[in-house]
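Only one structure is covered here, and it is reproduced in the block below.
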Number of protein chains: 2
Amino acid sequence: MPQGQPATVPDDGLTTRQRRNRPLLVVHTGEMKGKSTAAFGLALRGWNQGWSIAVFQFVKSAKWTVGEESALRALGQLHEQTGQGGPVAWYKMGAGWSWSRTQGTEVDHAAQAAEGWAEIKRRLAETEHDLYVLDEFTYPMKWGWVDVAEVVDTLRQRPGRQHVVITGRDADPRLVEAADLVTEMTKIKHPMDAGQKGQRGIEW
Amino acid sequence: MPQGQPATVPDDGLTTRQRRNRPLLVVHTGEMKGKSTAAFGLALRGWNQGWSIAVFQFVKSAKWTVGEESALRALGQLHEQTGQGGPVAWYKMGAGWSWSRTQGTEVDHAAQAAEGWAEIKRRLAETEHDLYVLDEFTYPMKWGWVDVAEVVDTLRQRPGRQHVVITGRDADPRLVEAADLVTEMTKIKHPMDAGQKGQRGIEW
């Protein structure tokens with residue numbers, strides 16, 4: 001059901017409409033599949049609302065194109081051609097962010113991650129998108145490639161109505177604290193336990 | 001990483017390729033958001049592989065169109081027009097399954113659910129699709145609208161290489177037992193706890 005009854009009504013002076021339209025910070029964490037997939041599924045909903053969607057992939061190899069990228073890019077093109085849905089931008093670390101100054105030089109993942117975050121921060125300040133998917137962004141946070149306190153502070157203070165979804169294992173407690181919605185994907189059963197390897201269309 | 005190392009290599013006489021290409025029965029369960037969203041995200045991957053995708057929505061109101069439906073239908077049309085990706089079929093219980101004989105008569109959810117399952121069973125036997133999303137199908141199973149033992153038996157014995165994803169809370173233990181991959185979406189934090197209601201683009 002899309003409209004549930006809230007468990008409590010907070011004494012925050014906001015109307016239901018104001019509260020409903022509050023931008024969300026969403027975290028998908030846990031050891032299991034579905035973190036990124038659910039984030040990209042959420043991007044489908046945003047696309048359908050005509051939102052401007054921006055995906056930033058932080059860790060996966062640049063050589064790798066996940067199926068969601070092709071599908072969401074196709075939806076972005078459909079928007080350009082027909083006006084249906086919203087625009088889609090997709091950036092991959094390692095392929096070189098399009099705005100990056102380190103392209104062509106020796107690969108420095110930490111510097112690339114920091115550059116990626118700097119660009120996101122700039123866009124947030126200018127309210128460029130309606131939905132940001134920061135895929136596997138928990139890892140640069142965990143590895144100290146970006147400053148967690150500064151990231152959380154920036155996210156808390158972002159202007160306008162910009163939704164942000166962050167995926168990855170081991171979400172920092174400060175990020176969880178700042179988030180509105182946190183889901184943990186928990187393994188009950190996985191085919192790799194039975195010796196099966198990943199397969200096309202399922203894992204990517 | 002798309003290709004992980006399996007924890008064990010089973011003594012089942014299959015080659016890695018045979019094992020890899022084994023069709024999967026996937027269950028997304030748990031109390032939290034992301035079950036359907038991750039299933040539809042998976043459909044994006046399948047679409048990109050050129051798979052024939054069929055979505056069967058079992059519980060949500062027929063009046064309701066989730067964003068994923070519009071987006072996946074748009075991708076299906078793109079396939080028809082340009083050959084990119086694969087075909088997408090989307091059926092909603094309550095809107096009347098297209099093959100249903102109970103349309104126009106008094107609404108009988110149990111009968112509709114049984115008809116939906118009968119159609120899926122027919123398609124599985126004829127290997128009509130590559131990926132079936134049975135959205136919220138755990139509820140007809142739970143409520144006895146379909147026979148759980150028969151459903152599980154049919155799924156176990158389905159021919160060819162047909163992937164099936166079933167979503168919903170309270171997955172039956174027999175379904176979990178039969179599944180290859182089971183993910184539980186667990187709540188860590190939800191905005192409704194803080195009095196927030198659902199919003200467009202996020203909940204639907």
Side-chain angles (χ1 to χ4, degrees), chain A residues 2-4 6-10 16 19-22 24 28 30 32-34 37-38 40-42 44-49 51 64 66-68 70-71 74-75 78 84-85 163 176 179-204, chain B residues 2-4 6-10 16 19-22 24 28 32-34 37-38 40-42 44-49 51 64 66-68 70-72 74-75 78 84-85 163 176 179-204:
Chain A
Q3 300 191 31
T8 59
V9 176
T16 298
R19 209 175 293 119
R20 170 170 299 179
N21 288 333
R22 213 162 48 184
L24 293 183
H28 294 169
M32 192 53 170
K33 287 161 61 69
T37 314
F40 297 139
L42 210 54
L44 288 184
R45 292 191 189 161
W47 177 84
N48 187 53
Q49 296 294 339
W51 289 1
W64 202 259
V66 294
E68 294 97 321
S70 306
L75 289 171
L78 200 63
Q84 194 184 352
H163 301 288
V176 170
D180 303 289
L181 176 68
V182 182
T183 303
E184 183 169 17
M185 275 66 172
T186 310
K187 180 173 82 167
I188 293 184
K189 197 186 241 184
H190 194 288
M192 285 187 194
D193 298 341
Q196 188 159 7
K197 293 179 106 183
Q199 58 183 308
R200 191 183 297 273
I202 296 293
E203 304 285 336
W204 64 91
Chain B
Q3 300 192 30
T8 60
V9 176
T16 299
R19 208 175 294 119
R20 171 172 297 178
N21 288 333
R22 212 162 48 185
L24 293 183
H28 293 170
M32 191 55 168
K33 284 161 63 69
T37 315
F40 299 139
L42 210 53
L44 288 185
R45 291 192 189 160
W47 177 84
N48 186 53
Q49 296 293 341
W51 290 0
W64 202 259
V66 294
E68 294 97 321
S70 305
L72 276 162
L75 289 171
L78 200 63
Q84 194 185 350
H163 301 287
V176 169
D180 303 289
L181 176 68
V182 183
T183 302
E184 183 170 17
M185 275 64 173
T186 310
K187 180 173 82 167
I188 294 184
K189 196 187 238 183
H190 194 288
M192 285 188 195
D193 297 339
Q196 189 160 7
K197 293 179 108 183
Q199 59 183 307
R200 190 182 299 272
I202 295 292
E203 306 285 337
W204 66 89

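- Contact of A:L78 with chain B is made through the side chain alone, with heavy-atom distances under 4.5 Å.
- Note that the CD1 atom of B:I188 and the CD atom of A:E184 stand 4.5 Å from one another [nearest 0.5 Å].
- Among the candidates B:G85, B:A74, B:G34, the residue making the largest number of heavy-atom pairs closer than 4.5 Å to chain A is B:A74.
- Contact record, A:T37 with B:G41: CG2-C, 3.4 Å, taken as the closest heavy-atom pair.
- Looking at every heavy atom in both residues, B:A71 comes nearest to A:L75 through O-CD2, 3.6 Å.
- Between A:M32 and B:V182, every side-chain heavy-atom pair lies at or beyond the 4.5 Å cut-off.
- The two residues B:N48 and A:S70 make their nearest non-hydrogen contact at OD1-CB, 2.9 Å.
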